[in-house]
Amino acid sequence: MSKNPPEGTPTETPAPDTAPAASAPAGRRKKAATPPAKKTAGATKATGAKKTAGAVKSAGAAKATGATKSAGATKSAGASKTAGASKAAGSSRAAASKAAGAKKAAGAAKSTGATKAAGTAGAAGAKKAAPVRAEAAAAGSSAAVADVAVDATAADLAPQSLVEVLEHGDGWVNPLRDPQDRRLPKIAGPSGLVIFGVTGDLSRKKLMPAVYDLANRGLLPPGFSLVGFARRDWEDEDFAQIVHDSVRDHARTEFREEVWQQLAEGMRFIPGDFDDDQAFEQLRAAVDELDKSRGTSGNYAFYLSVPPKFFPKVVKQLKKHGLAEAPAGSWRRGVIEKPFGRDLKSARELNRVVHEVFDPEQVFRIDHYLGKETVQNILALRFANQMYEPIWNRSYVDHVQITMAEDIGIGGRAGYYDGIGSARDVIQNHLLQLMALTAMEEPIAFDADSLLTEKLKVLKSVKLPENLGEHTVRGQYATGWQGGEKVQGYLDEDGIDPGSTTDTYAAVKLEVDNRRWAGVPFYLRTGKRLGRRVTEIAVVFQRAPHSPFDSTATEELGANAIVIRVQPDEGMTVRFGSKVPGTSMEIRDVSMDFAYGESFTESSPEAYERLILDVLLGDANLFPRHQEVEESWKILDPIEDYWDTHGKPAQYASGTWGPGEADEMLARDGRSWRRP
C-alpha cells in the first residue's frame with residue numbers, strides 16, 4: 001500500500017490525450033475558513049482544459065495561464081523551479097515548474113509558467129475574478145508583475161500598473177541607483193536649460209557644444225530642453241541652426257545625427273530685451289509647454305551668459321513672471337558667470353539682489369577653472385596619497401607660484417575688458433580659488449559645505465604685503481612679435497582709450513597666516529600676450545640643508561618642485577636631481593611626468609560639460625559660494641585702490657613673460673619666476 005507523498009512533493013496528474021503536466025508544490029498552507037482551494041498553481045489540464053479568465057499579461061512577462069488563487073490560499077510567486085524546467089526567454093520564470101523531462105504538449109503554445117494545451121481556447125464559463133497582484137521572479141531581468149484573477153470577495157485591491165508597482169510598490173529599489181556603484185556615470189533627471197545671451201561667444205563656443213557633448217555621452221535625459229533668449233528676431237528653426245553650426249564647429253565629441261535630432265526637438269527661442277515683459281511671458285509659456293511635451297517636470301536652470309550689469313535686471317524679471325519659483329516637487333536654479341561684481345561693495349549688492357530671487361543654495365557661480373580635471377585632481381593628489389601631505393607645509397616648501405598666461409590679446413572684448421583688467425578678471429576668482437585648493441586643510445568630506453569651510457579658512461588667513469609698491473606689479477602689453485607675426489599693443493586696440501590704465505598683466509605676493517604656511521610666499525601672476533598659453537601651480541621646495549657634494553657637482557641643480565599643469569597639457573611633473581651618467585659626480589635636474597592623455601584612455605571633458613551637468617544634478621562642490629566671492633574681493637580691493645593712485649601700468653613687449661618689474665619683485669626675495 002503506497003504512502004501519500006510528503007506535503008510539497010510534486011506529483012503528476014495525467015490528463016486524457018495529453019502529455020503529463022507538472023504540478024507545482026503546494027508550499028506552506030494557511031488555515032482558511034473557506035474550503036481548500038483547487039490545485040491550480042501552474043497545473044495544466046488536457047486539451048480543452050480551462051484557461052483562467054481574467055489573467056492579465058504583464059509587460060515583458062509571460063501570461064500567467066491557469067493560475068487561480070482562492071481566498072485564503074497562499075500567494076504563489078510563481079511555482080518553484082524543478083530540475084529541468086525550461087526558462088522562458090526574456091520573461092519571468094514559469095508560474096509553475098515543469099517536471100524534469102516533461103514533454104511539451106503537441107501543438108501547445110509557448111508559456112512561461114504552464115503549458116497551454118494544443119488548440120485550447122479560453123474555457124467558457126471560467127470564473128470571472130477580481131485582479132490581485134502576483135509577483136513573478138525575474139529571469140535575468142527586472143521583476144515583472146502579473147495581475148491574476150480571483151473571486152471578487154477575496155480581496156479589495158485596486159489594479160496597479162507595472163510602472164506604479166516598480167516605482168512605488170512594495171518598497172522596490174532600483175539596484176542600478178546604488179550611490180556606491182561607480183560603474184555608471186551620474187545622469188541628469190528631467191530638466192531644461194534657459195540661456196540668456198545665447199548669441200554671445202561664450203554660448204556659441206562653450207555652452208551649446210557642452211550641452212551637445214553631454215547628450216552625446218548619454219548624460220542628459222531624453223526629454224532635455226534648451227531655450228535661448230536674446231534680442232535677435234529668430235524662430236525656433238533659426239536658433240536650432242545656430243546651435244547646429246556651433247556644435248559642428250566646437251563640440252568635443254563626434255557629431256551624430258540621431259543625438260542631434262533628439263536634442264533639436266526640445267529647442268525653443270524667445271526674442272526680446274531684458275525689459276520686455278511680453279518676452280518673459282512668452283518664456284513662461286514655452287517652459288509650461290515643454291513641461292507637457294518633453295516631460296521636464298518643471299526643473300529649469302537659468303544661465304545668465306550676459307554682462308554683469310544685466311544680472312539684477314534678469315533675475316528680477318524671473319521673479320516678476322513667476323519663473324524663479326519652482327512648482328511643488330521641482331527645482332529652479334540660477335547660474336551666474338564671472339565677474340561677480342567689480343569690488344566688494346558691488347559684489348555684496350549683486351548677492352543681495354540675486355538672493356531675493358533665489359535661495360543661496362539655488363545659485364551656482366561659474367568659475368570654469370574649477371571644472372577642469374587637473375584642478376579637481378589637486379584634492380586627489382593631496383588627500384588620497386600619503387607621500388605628499390607630510391611635506392606640504394612650511395617645513396619643506398620654500399614658495400608657491402601660480403601662473404595663468406595667455407598668448408592672445410583682448411580680441412573683441414574691449415567693451416568688457418577695459419576698466420576691469422587682468423587682476424579683477426583672473427586673480428579675484430581663478431587664481432585665488434587655485435590658491436585656496438592648494439593651501440587648504442583636509443575637509444571632513446568631499447561635499448560643498450566641507451569644501452567651503454576649508455577654503456574660507458585660507459581666504460580669511462591671507463595676508464597682504466606691507467609694501468604694495470614693492471610686492472605687486474601691473475603692466476600692459478605693447479607692440480611686439482607673437483606667433484611669428486607682429487601684433488599691436490593694448491592702447492592701439494580698437495575701442496581702447498589711449499590713456500587707459502587698465503592692466504593686462506598683474507603679479508602679487510600673498511601670504512597665508514596660519515601654522516601650516518606661515519612665512520611661505522604665494523606668488524600669483526596672470527597676463528595676456530605672454531610667451532605661451534599655460535596655467536600651472538608650482539610648489540617649490542627648499543634646498544637640502546646640507547650637501548656632501550662639492551659645489552661643482554651641483555651647480556646645475558635647482559630646487560625640487562611639484563608642478564600641477566592645469567592647461568593645456570593636463571598632468572603633473574615632479575622635478576628632482578639625478579646623477580649624470582659618466583665617471584664624474586655631476587647632478588642636474590630631471591623630471592618625472594604624469595599626463596592625463598597617456599595614463600587614461602578617456603579624454604578629459606571640457607570644464608563646461610562638468611559644470612553644466614553638476615548644475616542639473618544640484619551638485620555645488622565646484623562652485624564658489626558668495627562668502628568666497630566676498631573674501632576674495634577683500635584681498636584684491638586694497639591692491640586695486642593702491643594702483644588707482646600710484647602711477648601707470650609698466651609696458652612689456654608682446655610675446656615676452658611680462659614687465660621687468662615683475663622679475664625684480666621676486667629677485668628682491670632671492671627667487672625667480674619659473675619659465676613654463
Side-chain angles (χ1 to χ4, degrees), residues 193-207 227-232 270-280 283 301-321 323-324 333-358 360 362-368 410-430 490 493-497 500-504 608 615 623-626 628-630 632-634 636-637 640-641 643-644:
L193 179 66
V194 179
I195 301 178
F196 293 95
V198 75
T199 57
D201 280 353
L202 175 65
S203 179
R204 290 188 298 105
K205 294 180 180 179
K206 295 293 184 181
L207 303 185
V227 182
F229 190 108
R231 287 177 292 183
R232 305 292 175 87
I270 308 298
D273 293 319
F274 301 139
D275 294 321
D276 189 348
D277 288 338
Q278 185 178 355
F280 277 86
L283 176 60
F302 299 96
Y303 199 119
L304 276 62
S305 178
V306 297
K309 63 182 179 182
F310 294 119
F311 290 172
K313 189 175 294 187
V314 174
V315 295
K316 287 178 180 177
Q317 285 281 50
L318 291 175
K319 180 179 182 180
K320 178 179 179 180
H321 295 277
L323 286 159
R333 295 173 185 141
V335 187
I336 299 176
E337 270 285 348
K338 70 173 185 68
F340 315 115
R342 57 171 288 115
D343 52 23
L344 178 59
K345 181 180 178 181
S346 60
R348 283 177 170 167
E349 177 61 19
L350 175 61
N351 287 333
R352 184 190 65 79
V353 172
V354 171
H355 291 163
E356 285 179 354
V357 179
F358 296 100
Q362 294 176 296
V363 181
F364 290 72
R365 294 167 181 83
I366 293 281
D367 183 341
H368 70 273
I410 61 168
R413 301 175 67 207
Y416 160 77
Y417 197 87
D418 197 38
I420 297 293
S422 57
R424 288 190 176 100
D425 190 39
V426 176
I427 291 181
Q428 184 273 335
N429 40 72
H430 299 330
Y490 177 75
E493 297 275 12
D494 293 338
I496 298 299
D497 181 356
S500 173
T501 58
T502 299
D503 52 282
T504 64
Y608 280 100
V615 168
F623 298 86
R625 297 290 186 87
H626 67 94
E628 298 171 65
V629 172
E630 293 180 7
S632 298
W633 281 120
K634 289 179 184 179
L636 188 61
D637 275 357
E640 290 285 354
D641 291 342
W643 287 346
D644 287 343

How would you list, by chain and number, every residue that makes a side chain to side chain donor-acceptor pair (under 3.5 Å) with Q317, sequence neighbours excluded? D277, H321

Under the salt bridge (Lys or Arg N to Asp or Glu O under 4.0 Å) test, residues paired with R231 that sit two or more places apart: none

Which residues satisfy the salt bridge (Lys or Arg N to Asp or Glu O under 4.0 Å) test with R333, sequence neighbours excluded? none

Sequence neighbours left out, what pairs pass salt bridge (charged side-chain N to carboxylate O under 4.0 Å, His left out) with at least one residue falling in residues 302-318? D275-K313

Hits for ring-ring contact (aromatic ring centres under 6.0 Å, His included) against H368, two or more places apart or cross-chain, chain-then-number order -> H430, Y608

List in chain and number order the residues that pass side chain to side chain donor-acceptor pair (under 3.5 Å) with S305, two or more places apart in sequence or in another chain; answer none if no residue qualifies. none

Residues passing the salt bridge (Lys or Arg N to Asp or Glu O under 4.0 Å) test with D343, sequence neighbours excluded, are none

Sequence neighbours excluded - salt bridge (charged side-chain N to carboxylate O under 4.0 Å, His left out) pairs with any residue from residues 193-202: D201-R204

Please identify each residue that fulfils side chain to side chain contact (heavy atoms under 4.5 Å, CB included) with R625, with sequence neighbours left out. A448, D449, L452, A620, Q627, E628

Who passes ring-ring contact (aromatic ring centres under 6.0 Å, His included) against H626, sequence neighbours left out? H355

For F311, ring-ring contact (aromatic ring centres under 6.0 Å, His included) partners two or more places apart: none

Of I366, V354, N351, V314, which meets side chain to side chain contact (heavy atoms under 4.5 Å, CB included) against I336? V354

Who passes salt bridge (Lys or Arg N to Asp or Glu O under 4.0 Å) against K319, sequence neighbours left out? none

